[in-house]
S.K.: 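Questions regarding the structure given below will be posed in turn.
Quick caveat: nothing in here was measured; it's all calculated off a predicted structure. Every number for a ligand or one of its atoms is a count from 1 in the order of the listing.
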Amino acid sequence: MTAPETTLVNVESTHYPPLLLRHPANPILTRKDWPYSINSVFNAGATLLQDGTTLLLCRIEDRRGLSHLCAARSKNGVDGWQIDREPTLMPSPKDYPEEIWGIEDPRITFVPELQQYVITYTSYSRGGPGVSLALTKDFRSFERYGVIMPPDDKDSALLPRRINGYWTLIHRPMTPLGAHMWISYSPDLHHWGRHRLMLEARRGAWWDANKIGLSPPPIETSRGWLVLYHGVRHTPSGCLYRLGLALFDLENPEKCLLRGDSWIFGPEADYERNGDVNNVVFPCGYTMDPDGDTVNVYYGAADCAIALARASVRSLLEWLDANGSCDRRRAQDV
Ligand code: BMA
């Protein structure tokens, strides 16, 4: 197995295996890089364009507190970013009133059947955050479908192909039972149904108690959909956002095959510990290297910057084999 480059850094030496290695150039994008005035840049969707360019669709927060999306492109996915000189996708509350308080946290899925990128993002409405969807071929013009999941819902991504004939969406509605990950199906990307609970937040002292959500879109592997999810721990000094790992059946993605008990990545570096919101690592996108094993995970750090950590899919699966359990234990754990 090839480990990701040895120059990548692990901030603290612990006895836990470092699965996601921070890039030494971190943070790779901050507000200082922006060609126009912004408060902060964070939580970017990511994809590779046809010519191998990495595209990040970044969440930009302005000084009003409202967010829009802006594209940044780089040949190597690390530096030399070409940033759109103006916002790429602005909220459009006149036509889409649910976007009145901004649009946030995009996830990008390239869908071969449509030959388009599908973007799911949070639209911040008067009723709270909901899930909206837009299509694009080039990240210059967009076809908006509007709200597909009403408030309160977020942390959503589309799977790249139909499952049993239906488009499949993972999302995180808030219910009186807690903030769990759900899965829904659609024949046309407009009408959604067959809503099922996919992964539950645990309870009590667990790192992922009460509130979880999908982070980047699932990674398709021969063994299943590999899912990085965030868990939010409420502490007396605020929330702690960390990442965990789970694996779901390829043809029946609501079926959890393995779920790790421990978190695998959490705020440690200064740019993750300190920012507008301290102690947050929040990935919304990844790209895959040509070796088919190295994933570049782009994450928002402390709601102030974008950082990069790399991992080997094979190592993540090996870790799950050694540290995960089948979700049928769930009932006793929670
Ligand atoms: C979550 C989302 C993210 C944000 C995080 C920490 O609820 O809204 O956009 O990065 O909180 O503030």
S.K.: Among all protein non-hydrogen atoms, which one is nearest to atom 12 (O) of ligand 1, and what is the separation to 0.1 Å?
M.R.: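 The protein heavy atom lying closest is Asp303 OD2, 2.7 Å.
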S.K.: Asp105 versus ligand 1: do any nitrogen or oxygen atoms come within less than 3.5 Å of each other?
M.R.: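 Asp105 vs ligand 1: N/O contact under 3.5 Å present.
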S.K.: Do NZ/NE/NH1/NH2 and the carboxylate oxygens of Arg140 and Asp138 come within less than 4.0 Å?
M.R.: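 No, Arg140 and Asp138 are not salt-bridged.
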S.K.: May I ask you to say whether Arg144 pairs ionically with Asp95, meaning some side-chain N is under 4.0 Å from a carboxylate O?
M.R.: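 Looking at Asp95 together with Arg144, the answer is no, because their closest N to O distance does not fall below 4.0 Å.
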S.K.: Of the side chain and backbone of Asn43, name the one, both, or neither that has a heavy atom under 4.0 Å from an atom of ligand 1.
M.R.: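 Near ligand 1, Asn43 shows its side chain, while the N, CA, C and O stay back.
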S.K.: Closest non-hydrogen protein atom to atom 11 (O) of ligand 1, residue and atom name please, with distance?
M.R.: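 Of every protein heavy atom, Tyr241 OH, 3.0 Å lies nearest to atom 11 (O) of ligand 1.
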S.K.: Hey, are the side chains of Cys58 and Ile306 touching, using non-hydrogen atoms and a 4.5 Å cut-off?
M.R.: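 The answer is yes, as the side chains (C-beta and beyond) meet within the 4.5 Å cut-off.
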S.K.: Under a 4.0 Å threshold between the charged nitrogen and the carboxylate oxygen, would Arg310 count as salt-bridged to Asp293?
M.R.: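 No, no charged N to carboxylate O under 4.0 Å.
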S.K.: Between the side chains of Arg126 and Glu98, is the shortest nitrogen-to-carboxylate-oxygen separation below 4.0 Å, so that they form an ion pair?
M.R.: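 Salt bridge between Glu98 and Arg126, a charged N being under 4.0 Å from a carboxylate O: no.
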S.K.: Can you list the atoms of ligand 1 that are under 4.0 Å from a heavy atom of Lys154?
M.R.: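 It comes down to these atoms of ligand 1: 2 (C), 7 (O), 8 (O).
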